[in-house]
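Remarks on the structure that follows.
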Number of protein chains: 2
Amino acid sequence: MPRLNKAARDLVGSGALAHLVTLNADGAPQVAIVWMGCDGDELVSGHLMASQQKLRNVRRDPRVVISFEADTANPIGMRDYLVVHGTARVTEGGAPELLQRLAQNYIGPGTKFPPMPDPPPGFVLRVAIDRIGGSGEWAEQD
Amino acid sequence: MPRLNKAARDLVGSGALAHLVTLNADGAPQVAIVWMGCDGDELVSGHLMASQQKLRNVRRDPRVVISFEADTANPIGMRDYLVVHGTARVTEGGAPELLQRLAQNYIGPGTKFPPMPDPPPGFVLRVAIDRIGGSGEWAEQD
(Lines give C-alpha, C1' and ligand atoms only; values in the text may rest on other atoms or scores of the structure.)
Protein backbone atom coordinates (compact mmCIF):
# COMPACT_ATOMS: atom_id res chain seq x y z
CA MET A 1 0.00 0.00 0.00
CA PRO A 2 1.45 3.41 -0.91
CA ARG A 3 1.98 5.72 2.03
CA LEU A 4 1.53 9.46 2.23
CA ASN A 5 4.89 11.20 2.63
CA LYS A 6 5.46 13.93 5.20
CA ALA A 7 4.48 16.73 2.82
CA ALA A 8 1.18 15.01 2.07
CA ARG A 9 0.47 14.30 5.73
CA ASP A 10 1.25 17.90 6.58
CA LEU A 11 -1.19 19.02 3.90
CA VAL A 12 -3.95 16.77 5.24
CA GLY A 13 -3.28 18.12 8.73
CA SER A 14 -3.26 21.74 7.61
CA GLY A 15 -7.02 22.12 7.37
CA ALA A 16 -7.12 21.55 3.60
CA LEU A 17 -10.61 20.37 2.71
CA ALA A 18 -11.08 16.86 1.29
CA HIS A 19 -13.16 16.58 -1.87
CA LEU A 20 -14.42 13.02 -1.40
CA VAL A 21 -15.78 11.29 -4.50
CA THR A 22 -17.93 8.18 -4.22
CA LEU A 23 -20.04 6.33 -6.77
CA ASN A 24 -23.84 6.33 -6.83
CA ALA A 25 -25.83 3.18 -7.59
CA ASP A 26 -26.06 4.15 -11.27
CA GLY A 27 -22.29 4.63 -11.43
CA ALA A 28 -22.45 8.43 -11.51
CA PRO A 29 -19.90 10.24 -9.36
CA GLN A 30 -20.97 12.02 -6.17
CA VAL A 31 -18.79 14.49 -4.28
CA ALA A 32 -18.89 15.78 -0.73
CA ILE A 33 -16.42 18.13 0.88
CA VAL A 34 -15.43 16.75 4.25
CA TRP A 35 -12.83 16.98 6.98
CA MET A 36 -10.22 14.23 6.83
CA GLY A 37 -7.25 13.22 8.91
CA CYS A 38 -4.59 10.54 8.98
CA ASP A 39 -4.96 7.46 11.14
CA GLY A 40 -1.92 5.26 10.68
CA ASP A 41 -1.61 4.77 6.93
CA GLU A 42 -5.29 5.46 6.27
CA LEU A 43 -7.31 8.60 5.71
CA VAL A 44 -10.37 8.93 7.97
CA SER A 45 -13.49 11.08 8.19
CA GLY A 46 -16.23 11.15 10.83
CA HIS A 47 -19.97 11.06 10.18
CA LEU A 48 -22.74 11.31 12.76
CA MET A 49 -25.57 10.07 10.53
CA ALA A 50 -25.78 6.68 8.82
CA SER A 51 -28.11 8.01 6.18
CA GLN A 52 -25.50 9.94 4.29
CA GLN A 53 -25.28 9.11 0.61
CA LYS A 54 -21.49 8.85 0.69
CA LEU A 55 -21.65 6.11 3.34
CA ARG A 56 -24.30 4.18 1.42
CA ASN A 57 -22.18 4.54 -1.69
CA VAL A 58 -18.96 3.14 -0.25
CA ARG A 59 -20.80 0.19 1.25
CA ARG A 60 -21.91 -0.69 -2.29
CA ASP A 61 -18.73 0.30 -4.17
CA PRO A 62 -15.63 1.07 -2.08
CA ARG A 63 -13.73 2.94 -4.79
CA VAL A 64 -13.11 6.54 -3.78
CA VAL A 65 -10.95 9.45 -4.85
CA ILE A 66 -10.03 12.33 -2.58
CA SER A 67 -8.46 15.61 -3.70
CA PHE A 68 -6.89 18.38 -1.62
CA GLU A 69 -5.67 21.81 -2.73
CA ALA A 70 -2.20 22.84 -1.57
CA ASP A 71 -0.97 26.34 -0.82
CA THR A 72 2.10 25.83 -3.00
CA ALA A 73 2.28 26.32 -6.77
CA ASN A 74 4.51 25.31 -9.66
CA PRO A 75 6.84 27.89 -11.29
CA ILE A 76 4.09 28.89 -13.75
CA GLY A 77 1.77 29.69 -10.86
CA MET A 78 -0.54 26.69 -11.11
CA ARG A 79 -1.56 25.48 -7.66
CA ASP A 80 -0.34 22.10 -6.43
CA TYR A 81 -2.83 19.44 -5.34
CA LEU A 82 -2.88 16.00 -3.87
CA VAL A 83 -5.07 13.19 -5.21
CA VAL A 84 -5.55 9.94 -3.32
CA HIS A 85 -7.21 6.93 -4.89
CA GLY A 86 -8.37 4.48 -2.28
CA THR A 87 -10.63 1.72 -1.07
CA ALA A 88 -13.05 2.77 1.65
CA ARG A 89 -14.89 0.99 4.40
CA VAL A 90 -17.22 2.20 7.13
CA THR A 91 -16.75 1.32 10.80
CA GLU A 92 -19.21 2.04 13.60
CA GLY A 93 -18.60 4.52 16.43
CA GLY A 94 -15.89 7.04 17.10
CA ALA A 95 -17.23 9.89 14.99
CA PRO A 96 -17.52 12.52 17.76
CA GLU A 97 -13.96 11.91 18.96
CA LEU A 98 -12.58 12.06 15.42
CA LEU A 99 -14.59 15.19 14.57
CA GLN A 100 -13.37 16.82 17.77
CA ARG A 101 -9.77 16.12 16.72
CA LEU A 102 -10.31 17.32 13.14
CA ALA A 103 -12.15 20.47 14.25
CA GLN A 104 -8.90 21.69 15.80
CA ASN A 105 -7.38 21.76 12.29
CA TYR A 106 -10.42 22.82 10.32
CA ILE A 107 -12.02 25.42 12.60
CA GLY A 108 -9.27 26.19 15.07
CA PRO A 109 -7.58 25.23 18.32
CA GLY A 110 -9.97 25.00 21.25
CA THR A 111 -13.04 24.27 19.13
CA LYS A 112 -15.69 22.06 20.71
CA PHE A 113 -17.22 19.87 18.05
CA PRO A 114 -19.82 18.52 17.33
CA PRO A 115 -21.66 21.57 18.72
CA MET A 116 -24.33 19.50 20.48
CA PRO A 117 -24.65 17.56 23.75
CA ASP A 118 -24.54 13.76 23.54
CA PRO A 119 -23.80 13.29 19.83
CA PRO A 120 -24.47 9.80 18.46
CA PRO A 121 -21.43 7.49 18.08
CA GLY A 122 -21.78 7.70 14.33
CA PHE A 123 -19.46 6.17 11.77
CA VAL A 124 -15.91 6.51 10.58
CA LEU A 125 -15.05 6.27 6.89
CA ARG A 126 -11.62 4.67 6.51
CA VAL A 127 -9.73 4.88 3.25
CA ALA A 128 -6.88 2.50 2.46
CA ILE A 129 -4.62 4.19 -0.06
CA ASP A 130 -4.22 2.55 -3.46
CA ARG A 131 -2.55 5.31 -5.46
CA ILE A 132 -1.21 8.81 -4.84
CA GLY A 133 -1.17 11.47 -7.54
CA GLY A 134 -1.65 15.12 -8.26
CA SER A 135 0.88 17.87 -8.74
CA GLY A 136 3.44 18.62 -6.05
CA GLU A 137 5.95 16.88 -3.88
CA TRP A 138 3.70 13.93 -3.01
CA ALA A 139 5.37 11.48 -5.35
CA GLU A 140 8.45 10.98 -3.20
CA GLN A 141 7.74 8.29 -0.68
CA ASP A 142 9.50 8.58 2.64
CA MET B 1 -31.25 23.20 -17.34
CA PRO B 2 -30.44 24.73 -13.94
CA ARG B 3 -28.43 27.92 -14.12
CA LEU B 4 -25.71 29.14 -11.81
CA ASN B 5 -26.86 32.15 -9.81
CA LYS B 6 -24.74 35.25 -9.41
CA ALA B 7 -23.03 34.02 -6.25
CA ALA B 8 -22.01 30.80 -7.99
CA ARG B 9 -20.79 32.61 -11.09
CA ASP B 10 -18.81 34.99 -8.93
CA LEU B 11 -17.22 32.02 -7.17
CA VAL B 12 -16.25 30.39 -10.48
CA GLY B 13 -14.76 33.69 -11.63
CA SER B 14 -12.86 34.24 -8.39
CA GLY B 15 -10.04 31.85 -9.18
CA ALA B 16 -11.52 28.99 -7.12
CA LEU B 17 -10.07 25.75 -8.48
CA ALA B 18 -12.39 23.23 -10.11
CA HIS B 19 -12.10 19.63 -8.90
CA LEU B 20 -13.29 17.87 -12.05
CA VAL B 21 -14.40 14.27 -11.65
CA THR B 22 -14.76 11.97 -14.64
CA LEU B 23 -15.22 8.21 -14.94
CA ASN B 24 -12.55 5.80 -16.10
CA ALA B 25 -13.36 2.88 -18.41
CA ASP B 26 -13.74 0.56 -15.41
CA GLY B 27 -16.17 2.98 -13.77
CA ALA B 28 -13.70 4.22 -11.16
CA PRO B 29 -13.68 7.96 -10.51
CA GLN B 30 -10.80 10.11 -11.72
CA VAL B 31 -10.19 13.68 -10.55
CA ALA B 32 -8.18 16.52 -12.03
CA ILE B 33 -7.94 20.03 -10.67
CA VAL B 34 -8.44 22.48 -13.51
CA TRP B 35 -9.27 26.08 -14.31
CA MET B 36 -12.90 26.61 -15.27
CA GLY B 37 -14.99 29.54 -16.37
CA CYS B 38 -18.53 30.30 -17.41
CA ASP B 39 -19.54 30.44 -21.07
CA GLY B 40 -23.21 31.23 -21.30
CA ASP B 41 -24.93 28.67 -19.09
CA GLU B 42 -22.10 26.16 -19.35
CA LEU B 43 -18.86 25.64 -17.49
CA VAL B 44 -15.78 25.38 -19.71
CA SER B 45 -12.14 24.35 -19.35
CA GLY B 46 -9.32 24.46 -21.91
CA HIS B 47 -6.92 21.63 -22.73
CA LEU B 48 -3.99 21.76 -25.12
CA MET B 49 -3.49 18.00 -25.44
CA ALA B 50 -6.01 15.46 -26.74
CA SER B 51 -4.35 12.65 -24.84
CA GLN B 52 -5.59 13.70 -21.42
CA GLN B 53 -7.43 11.02 -19.51
CA LYS B 54 -10.26 13.36 -18.55
CA LEU B 55 -11.02 14.08 -22.21
CA ARG B 56 -10.97 10.40 -23.12
CA ASN B 57 -13.22 9.72 -20.16
CA VAL B 58 -15.95 12.23 -21.04
CA ARG B 59 -16.01 11.05 -24.64
CA ARG B 60 -16.90 7.59 -23.29
CA ASP B 61 -19.14 8.65 -20.37
CA PRO B 62 -20.19 12.31 -20.22
CA ARG B 63 -21.22 12.32 -16.55
CA VAL B 64 -19.06 14.71 -14.54
CA VAL B 65 -19.11 16.39 -11.16
CA ILE B 66 -17.22 19.58 -10.37
CA SER B 67 -16.63 20.99 -6.88
CA PHE B 68 -15.33 24.40 -5.84
CA GLU B 69 -14.39 25.66 -2.37
CA ALA B 70 -15.83 29.01 -1.30
CA ASP B 71 -14.26 31.57 1.00
CA THR B 72 -17.45 31.82 3.06
CA ALA B 73 -18.46 29.52 5.90
CA ASN B 74 -21.60 28.56 7.81
CA PRO B 75 -22.15 29.83 11.38
CA ILE B 76 -20.35 26.79 12.82
CA GLY B 77 -17.28 27.61 10.73
CA MET B 78 -17.61 24.88 8.08
CA ARG B 79 -16.57 26.18 4.68
CA ASP B 80 -19.17 26.57 1.95
CA TYR B 81 -18.72 24.80 -1.37
CA LEU B 82 -20.39 24.52 -4.72
CA VAL B 83 -21.04 21.21 -6.47
CA VAL B 84 -22.15 21.03 -10.10
CA HIS B 85 -23.36 17.80 -11.68
CA GLY B 86 -23.25 17.98 -15.42
CA THR B 87 -23.00 16.40 -18.84
CA ALA B 88 -19.76 17.12 -20.65
CA ARG B 89 -18.71 17.22 -24.27
CA VAL B 90 -15.42 18.07 -25.95
CA THR B 91 -15.14 20.55 -28.81
CA GLU B 92 -12.06 21.19 -30.93
CA GLY B 93 -10.03 24.40 -30.87
CA GLY B 94 -10.15 27.51 -28.73
CA ALA B 95 -8.08 26.23 -25.81
CA PRO B 96 -5.33 28.90 -25.91
CA GLU B 97 -7.86 31.74 -25.98
CA LEU B 98 -9.87 30.24 -23.12
CA LEU B 99 -6.75 29.53 -21.05
CA GLN B 100 -5.57 33.09 -21.63
CA ARG B 101 -8.89 34.37 -20.28
CA LEU B 102 -8.90 32.01 -17.29
CA ALA B 103 -5.26 32.75 -16.43
CA GLN B 104 -6.30 36.32 -15.57
CA ASN B 105 -8.46 34.88 -12.75
CA TYR B 106 -6.25 32.00 -11.70
CA ILE B 107 -2.76 33.49 -11.91
CA GLY B 108 -3.43 37.21 -12.12
CA PRO B 109 -4.21 40.15 -14.38
CA GLY B 110 -1.73 40.58 -17.21
CA THR B 111 -0.68 36.94 -17.29
CA LYS B 112 0.34 35.56 -20.68
CA PHE B 113 -0.83 31.95 -20.94
CA PRO B 114 -0.07 29.36 -22.22
CA PRO B 115 3.58 30.27 -21.63
CA MET B 116 4.73 29.06 -25.04
CA PRO B 117 4.78 30.37 -28.61
CA ASP B 118 2.24 28.91 -31.04
CA PRO B 119 0.27 26.66 -28.72
CA PRO B 120 -1.90 24.02 -30.44
CA PRO B 121 -5.63 24.85 -30.81
CA GLY B 122 -6.43 22.11 -28.32
CA PHE B 123 -9.85 21.27 -26.98
CA VAL B 124 -12.54 22.82 -24.82
CA LEU B 125 -14.48 20.73 -22.32
CA ARG B 126 -18.04 22.06 -22.08
CA VAL B 127 -20.28 21.07 -19.20
CA ALA B 128 -24.05 21.46 -19.42
CA ILE B 129 -25.38 21.77 -15.88
CA ASP B 130 -27.79 19.08 -14.66
CA ARG B 131 -27.86 19.77 -10.93
CA ILE B 132 -26.42 22.31 -8.49
CA GLY B 133 -25.63 21.44 -4.91
CA GLY B 134 -23.22 21.95 -2.07
CA SER B 135 -23.43 24.21 0.93
CA GLY B 136 -23.94 27.93 0.52
CA GLU B 137 -26.13 30.37 -1.32
CA TRP B 138 -26.07 28.49 -4.62
CA ALA B 139 -29.53 27.02 -4.27
CA GLU B 140 -31.37 30.23 -5.04
CA GLN B 141 -31.73 30.55 -8.78
CA ASP B 142 -31.76 34.06 -10.17
Side-chain angles (χ1 to χ4, degrees), chain A residues 15-24 26-35 53 57-58 61-70 73-88 99 102-108 110-116 130-131 133-136, chain B residues 15-24 26-35 53 57-58 61-70 73-88 99 102-108 110-116 130-131 133-136:
Chain A
L17 292 168
H19 295 235
L20 168 66
V21 180
T22 62
L23 294 167
N24 291 336
D26 65 357
Q30 196 256 1
V31 61
I33 292 191
V34 301
W35 297 349
Q53 186 178 355
N57 281 355
V58 301
D61 188 329
R63 294 177 294 181
V64 302
V65 180
I66 305 157
S67 51
F68 300 86
E69 298 176 17
N74 73 8
I76 296 173
M78 303 172 82
R79 288 264 296 283
D80 290 328
Y81 62 99
L82 168 67
V83 175
V84 175
H85 291 255
T87 302
L99 289 166
L102 296 177
Q104 311 312 303
N105 298 336
Y106 282 98
I107 295 182
T111 300
K112 166 78 173 67
F113 198 93
M116 58 175 78
D130 297 322
R131 186 156 53 90
S135 155
Chain B
L17 292 168
H19 295 235
L20 169 67
V21 181
T22 62
L23 294 167
N24 291 335
D26 65 358
Q30 195 256 2
V31 61
I33 293 191
V34 300
W35 298 349
Q53 186 178 353
N57 281 355
V58 302
D61 188 330
R63 294 177 294 181
V64 302
V65 180
I66 305 156
S67 51
F68 300 87
E69 298 176 18
N74 73 10
I76 296 173
M78 303 172 82
R79 287 265 295 284
D80 291 328
Y81 61 100
L82 168 66
V83 175
V84 175
H85 291 254
T87 303
L99 289 166
L102 297 177
Q104 312 312 304
N105 299 335
Y106 283 98
I107 295 183
T111 301
K112 166 77 174 67
F113 199 94
M116 58 175 78
D130 298 322
R131 186 156 52 90
S135 154

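Here is how names work: the chains are called A, B, and so on, in the same order as the sequence lines, proteins then strands, and each is numbered from 1. Since the model is a prediction, treat every value here as computed from it, not as a measurement.
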So, the part of A:D26 with a heavy atom under 4.5 Å from chain B: the answer is both
Contacts of A:D61 that satisfy salt bridge (charged side-chain N to carboxylate O under 4.0 Å, His left out) - sequence neighbours left out: A:R63
How long is the straight-line distance from CD1 of A:I33 back to CZ of A:F68, given to the nearest 0.5 Å? 11.0 Å
Quick one: what part of B:L17 sits under 4.5 Å from any heavy atom of chain A, side chain, backbone, both or neither? both
Would you tell me whether A:N57 and A:N24 have side-chain atoms, one donor and one acceptor, within less than 3.5 Å of each other? yes
Under 4.5 Å from a heavy atom of chain B, the part of A:L23 involved: side chain
Are the side chains of B:I107 and B:W35 in contact, using a 4.5 Å heavy-atom criterion? yes
Using a 4.5 angstrom heavy-atom cutoff, name the option from B:G77, B:G133, B:A28, B:G134 with the most pairs to chain A. B:A28
Bottom line for A:V83: the part with an atom under 4.5 Å from chain B's heavy atoms is side chain
Any side-chain donor near an acceptor of the partner, B:S67 and A:H19, under 3.5 Å: yes
Applying a strict 4.5 Å limit to non-hydrogen atoms, the region of A:P115 in contact with chain B is side chain
